[in-house]
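Step one of this worksheet: look at the structure below.
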Number of protein chains: 2
Amino acid sequence: MSSSINSVSIIPVIGIPEIQPGDNLVSVVIEATRKNNISIISGDIIVFAQKIVSKSEGRIVKLSDVSPSSFAISLGKTLHKDPRIMEVILGETKRIVKMDREESCKGRFIVETHIGVICANAGIDASNVSGGDTITLLPVDPDTSARKLVEGFKKELGVEVAVVITDTVGRPWRQGLTEIAIGCWGMKPLKDYKGKKDSKGYELRATVLAIADEIAGAAGLVMGKTDSIPVAIVRGYRYEPGGKGARELIRNPEEDLFR
Amino acid sequence: MSSSINSVSIIPVIGIPEIQPGDNLVSVVIEATRKNNISIISGDIIVFAQKIVSKSEGRIVKLSDVSPSSFAISLGKTLHKDPRIMEVILGETKRIVKMDREESCKGRFIVETHIGVICANAGIDASNVSGGDTITLLPVDPDTSARKLVEGFKKELGVEVAVVITDTVGRPWRQGLTEIAIGCWGMKPLKDYKGKKDSKGYELRATVLAIADEIAGAAGLVMGKTDSIPVAIVRGYRYEPGGKGARELIRNPEEDLFR
């Protein structure tokens, strides 16, 4: 039978405390799931919101420590942003993809980060960090972050799980933000139907699905913005183990009509 | 408590037969769920793959009936597509957003459809239709299709459900296709956190989530391409009733940096 005829459950992990730099997220998740009588089992996909991974890895910048460059000051004026935040965003930026013109006052600033993710403000989030003087950056290498978490669950519980690290991003053409996978380990992020046959026996043309992004979106349904639920478990989806991480989800620039 | 602390289940509806023009999808789904011992309950979101909605509405074109225009013949040469399919695609197109140049031989043709969805080939799918001489078009008005399905479940079962109609589309910058909502009724497709407070009491900046697209992506996990599972039930997500349909998910052109 096929891999997709089971029901899939999306289970919020409630009771994750405020994360501090150096915290062991594997221990934190194990403790929270035990309190909720959830057993993590092999085959689970454990989904982490980027922010707690970033915090645990110390990817936090104190704004009062930042000296903005003249370019950051100029851009900050154009985009109506704090020049220190602008400076931090530029530090995470490989390429500016698109920005609003001054008169629109929207302040949108879409960039490619050093790992190749295209998103607003290099994924830098000024909300929800203690104090108000600090901002969180994306993890330096979210696939490696995901791999370490996979290894941690294996070591602590003896289970083979996959891990997806999500960020909330906007999209061209469509209203509203969705979750995408910026880090992934233990499962192939893409599912390729090339050569497989449809229900009528016709061979499918190359159809590659971004499974890890759909996992991220599904987890987003229980990881509300106001609920302090930064972890969810997706259970029952029979993923293909392996893969090279969420970097596979970044379209080859030569094949991208919209770079 | 918040709306998002429950587990969410994604239940595939197995055993949907091949759909013919005029088929009543509500009856078909009720019959299949009964055979699977699933009761549809108020609050469920019933997700339909576009193709069976299109088939039930007779949105099928016989290629042998199509006379391509000279522009369709020319474009077909450029994009390496059957000029009759090209003709049908152009009939569904309001605006050509981007197309490959001849030398790339990729044949990609990204358009805005009459209802404002931006996707390749106006969402026309030449696979998986009986015979091989026929192709399916997107529903003319998927929000109205969704509304009629919502009303049908109310009439037949007395339940208040939401309906999402999905299509599989590519995206700029990211590898792999994902499901999006092209039709939606009974639930608000967007969730606006404006004015709400995060877990630390800070007011969130305007953060609007594309819930219906995340529902579509979640359902995509059980609606495989090869499995004849064109319907799934998303259960346990407490959506907000109302809304104006999936048309709310189409970004206002004046606010789109990437039109």
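Each chain gets a letter, A, B and so on, in the order its sequence line appears, and its residues count up from 1.
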Under 4.5 Å from a heavy atom of chain B, the part of L190(A) involved: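 Side chain only.
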Tell me the closest heavy-atom pair linking P172(A) and P172(B), and the distance in Å.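 So the two residues come closest at CG-CG, 3.9 Å.
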Please give me the minimum heavy-atom distance between R108(B) and L257(A), naming the atom from each residue.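 The answer is NH2-CG, 3.6 Å.
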For the residue pair [X] and [Y], establish whether any side-chain heavy-atom pair is separated by less than 4.5 Å.
X	Y	answer
S7(B)	S9(A)	no
I215(A)	L221(B)	yes
I250(A)	Q175(B)	no
R171(B)	D213(A)	yes
I110(B)	W173(A)	yes
E179(B)	E214(A)	yes
R251(B)	R174(A)	no
T168(B)	L209(A)	yes

Can you tell me how far the CD1 atom of I11(A) sits from the CG atom of N6(B), to the nearest 0.5 Å?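 Rounded to the nearest 0.5 Å, the CD1-CG separation comes out at 12.0 Å.
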Can you tell me how far apart CD1 (I10(B)) and CD1 (I10(A)) are? Round to the nearest 0.5 Å.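 The CD1 atom of I10(B) sits 4.0 Å away from the CD1 atom of I10(A).
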Against chain A, label E255(B) side chain, backbone, both or neither, depending on which of its atoms sit under 4.5 Å from a heavy atom there.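 Both the backbone and the side chain of E255(B) come within 4.5 Å of chain A.
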Under 6.0 Å from the NZ atom of K35(A), do we count more than 12 heavy atoms belonging to anything else shown?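 Incorrect, the count does not exceed 12.
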Check whether more than 12 heavy atoms from other residues, nucleotides or ligands sit under 6.0 Å from atom NZ of K94(B), and answer yes or no.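 Yes.
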Best-contacting candidate, D256(B), V117(B), V97(B), I233(B), against chain A by heavy atom pairs under 4.5 angstrom: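 Most pairs with chain A among the choices: D256(B).
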I'd like to verify something: which residue of I211(B), I180(B), N252(B) has the highest number of heavy-atom pairs under 4.5 Å with chain A?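 Greatest number of close heavy-atom pairs with chain A: I180(B).
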Among residues at least two apart in sequence or on other chains, which ones pass salt bridge (Lys or Arg N to Asp or Glu O under 4.0 Å) with K81(A)?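 Scan of K81(A) (salt bridge (Lys or Arg N to Asp or Glu O under 4.0 Å), adjacent residues dropped) gives none.
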